[in-house]
There are 2 protein chains.
Amino acid sequence: MTVTIKDIAEKAGVSYATVSRALNYKYGVNPSTRRQILEIASSMNYSPNAIARGLVKKQTHTIGLIIPDITNPFFPEVARGVEDMSEKMGYSIFLCNSNWDKTKENRYVKLLIEKRVDGLILAPSASVITEEDRQIYSRLPVVLMSGVQSGSGTSSVVVDNVKGGYIAGKYLIEKGRKKLCYIGGAEDSFSVKERFEGFFQAAESSISVSLSPDLVKFGDYRQKSGYRIMKELLENRNIPDAVFASNDLLAIGVIQAIRASGLKVPEDISVIGFDNIAAAGFGEVELTTIEHPKYRMGELAAGILLEKIDLKPEMQENKRVVLEPELIIRRTA
Amino acid sequence: MTVTIKDIAEKAGVSYATVSRALNYKYGVNPSTRRQILEIASSMNYSPNAIARGLVKKQTHTIGLIIPDITNPFFPEVARGVEDMSEKMGYSIFLCNSNWDKTKENRYVKLLIEKRVDGLILAPSASVITEEDRQIYSRLPVVLMSGVQSGSGTSSVVVDNVKGGYIAGKYLIEKGRKKLCYIGGAEDSFSVKERFEGFFQAAESSISVSLSPDLVKFGDYRQKSGYRIMKELLENRNIPDAVFASNDLLAIGVIQAIRASGLKVPEDISVIGFDNIAAAGFGEVELTTIEHPKYRMGELAAGILLEKIDLKPEMQENKRVVLEPELIIRRTA
DNA sequence: GAAATAATTGTAAACGTTTACTATTATTTG
DNA sequence: CAAATAATAGTAAACGTTTACAATTATTTC
């Protein structure tokens, strides 16, 4: 049906090996023959079959990107970073949403391996790394992103969560806040724990500041959760003067709850988030937060992966790059 | 290196055709042989090579998704809809960001065809459809999404922009607004025009309402643009009592400008957007807007495409489905 | 229990490339 | 101008599957 190298060869009166060479600009084909072949190819609307090529070259120039949910405002930028870098290097990406479901994530990994991707970028939906995971990392180049503990057995790029938490805490304290509060996502999430750790360190470092256990709460990573938790705190008259939410969505929920109760942000309660999602800067939100270099993270992950792909398996080594968080001061703290 | 059907065949002492049949659950292989083969396959950690299969079956179970920019809050939901539906039907998606660049979009189309995707979903970066585009639609199943005029020569799924604009206008008028204003994205964008058309119709339908040409402005689709345009209007003392922005980002910028000038939304000026992006509902934004069924659009596009793929080319027919917009009343109008 | 039929398995070609190796032709060299 | 060399082109195998067809083996039927 579609045009193949053979068709071109026939029309040009040469063998199809020659056509292949001409098309791939390999040296060793007569310039005039090549010109002729190229012309015929374009006139026949020839489109090289990357599947066939992939089969013989054992390379698809394709990588898999598995993230929990592209709809979560954290991930589009990451994905864009991955895509931009990949495109620049001649790779395409399969986008897969694991929907925070480890089983689905694993199914995707399996599928992508069947599709013979050259490598995999994974923002895991769970923090723990299983034996099965390690097994996968030995089958193909993988780089992990975001919320991954060190010693994962493969390359990873993460933000310095502890430092981010620390910066948030320090800033709040400098602003004269005394009664701190931490509202985190899922308690078993690695990054939630790390951000808390940094925040806790900051609180500890100042004797006049408290971070009492009843002002450390966990839920999940959605806005509603922030709203609910904060509302409860307010209703119980357990009122901090500053809250650090472990991500921006949560922080927005927290602010809503505070304002709904008639209190003011930041006058009565300062609120600081984490991630600096695009919406944090929107109009009336103006959230003070910690920048999580999302785009850069994606870009780096892709860069590291592509570098790995170019190396023979025994030459590949695992890198861990830790990105710097940064305080973004807006209006809520 | 990796395990192939031949390796399994050898170990099982059968021909590799039999292994292929067993693995694919084709009828005509002895149950006990199959059991044995399956066991060997799994013990050897066999992963079928989808590339090789794709070559012979001339089907990759892969579709391409080209959108302008996943970082634009409109697209993640669309992409998610596409992905969910595709996954359900056993297809993977290549994600490509054209970055609103027609040239890049075309390069991607070409690349995806080389990678032999079974079909293509395209949210075009430009409104006009060229001869080249039509040529492409004849090469493989394509469905277009969002901002596509009818008669595009292939299937498409869009929202009823005219109706959306009309609903916005009607609502503002019902609320007693008299001096309407339209702030649109790029003037040559099809959807910008359509939304205006509907809005204009609504304005026309009521004699006590004005929509004067100096209150119809165009820019691009970013927040800043909305801010800038509105600011100018306010500075020139050309002040409407209601503005319909052709998307939410623009609307947010408009609101910022209004509030920065000391006026109140919605008391002094009502603002209504379009798209209902997630951030429109966030905390303090609470934007009144027109729902654009983004997820549904992606889901439908994928559904229509997959249906098309299953049909012989001559059986494929072009569908155009028009989704209903819906008024979402929040706090800005 | 032989013939007919059904079930299972094997053989080989095909999918569209790339590439090692060989063959041919053109060019240089002394 | 013959020999040596360089440039160009061709042949055939390989990549890992699927599948039409043929071959074999098992089962049924009378």
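In this text, all values refer to a predicted model and were calculated from it rather than measured experimentally.
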Going by atom types only, do [X] and [Y] share a side-chain donor-acceptor pair under 3.5 Å?
X: T60(B); Y: K115(B); result: no
X: S125(A); Y: E105(A); result: yes
X: K308(A); Y: N318(A); result: yes
X: R116(A); Y: S47(B); result: yes
X: R320(B); Y: S150(B); result: no

To the side chain of [X], which of [options] is closest?
X: V29(A); options: dA9(D), dT8(C), dT19(C); result: dA9(D)
X: K58(B); options: dC15(C), dC15(D), dT17(D); result: dC15(C)
X: T33(B); options: dT9(C), dT19(C), dT17(C); result: dT9(C)
X: N49(A); options: dT17(D), dC15(C), dT17(C); result: dT17(C)

### Message
Going by the rule salt bridge (Lys or Arg N to Asp or Glu O under 4.0 Å), which residues pair with E83(A) if we only count those two or more places apart in sequence or in a different chain?
### Response
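Checked E83(A) against salt bridge (Lys or Arg N to Asp or Glu O under 4.0 Å); zero matches.
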### Query
Partners of K294(B) by salt bridge (Lys or Arg N to Asp or Glu O under 4.0 Å), sequence neighbours excluded?
E291(B)
Atom-pair distance ([atom1] on [X]; [atom2] on [N]), nearest Å:
X: I51(B); N: dT17(D); atom1: CD1; atom2: C1'; value: 11 Å
X: R116(A); N: dT17(D); atom1: CZ; atom2: P; value: 7 Å
X: K115(B); N: dG16(C); atom1: NZ; atom2: P; value: 19 Å
X: L23(A); N: dT18(C); atom1: CG; atom2: C1'; value: 12 Å
X: K57(A); N: dA13(D); atom1: NZ; atom2: C1'; value: 17 Å
X: I8(B); N: dG10(C); atom1: CD1; atom2: C1'; value: 17 Å
X: I5(A); N: dA9(D); atom1: CD1; atom2: C1'; value: 15 Å
X: Q59(A); N: dT17(C); atom1: CD; atom2: C1'; value: 14 Å

### Message
Would you call the rings of F94(A) and F94(B) parallel, tilted or perpendicular, taking 30° and 60° as the class edges?
### Response
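Aromatic pair F94(A)/F94(B) classed parallel.
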### Task
Check the surroundings of atom CD in Q59(B): do more than 12 heavy atoms from other residues, nucleotides or ligands lie under 6.0 Å from it?
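Yes, because the 6.0 Å sphere around CD of Q59(B) holds more than 12 heavy atoms from other groups.
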#### Entry: Axis bend over the full length of the helix from dG1(C)-dC30(D) to dG30(C)-dC1(D), computed from five pairs that close each end, to 10 degrees
40°
### Query
When you measure from every atom of DNA chain D, which of residues 12-20 of chain B have a heavy atom less than 4.0 Å away?
Y16(B), A17(B), S20(B)
### Query
Sequence neighbours excluded, which residues qualify as side chain to side chain donor-acceptor pair (under 3.5 Å) partners of D84(B)?
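Once residues adjacent in sequence are excluded, the partners of D84(B) under the side chain to side chain donor-acceptor pair (under 3.5 Å) criterion are R80(B), Y295(B).
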### Message
If you assign N30(B) and A52(A) each to the DNA chain C nucleotide with the nearest heavy atom, which residue ends up on the more 5' nucleotide?
### Response
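This one resolves to N30(B).
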### Closest-nucleotide ordering on DNA chain C, the 5'-leading residue of V56(B) and R34(B)
R34(B)
### Task
Report yes if a side-chain nitrogen or oxygen of Y46(B) is closer than 4.0 Å to either non-bridging phosphate oxygen (OP1 or OP2) of dT17(D); otherwise report no.
yes
### Message
Using the rule given for side chain to side chain contact (heavy atoms under 4.5 Å, CB included), can you reason through Y46(A) versus L23(A), listing the C-alpha separation, both sets of side-chain angles and the distance that settles it, and then say yes or no?
### Response
CA-CA 10 Å; Y46(A) 171 71; L23(A) 258 19; 3.5 Å; yes
### Summary
Under a 4.0 Å heavy-atom criterion, the protein footprint on nucleotides 21-28 of chain D, written with B, S and -, is --------
### Query
Using 4.0 Å as the upper bound for N to carboxylate O, is an ion pair formed by D133(B) and K102(B)?
yes
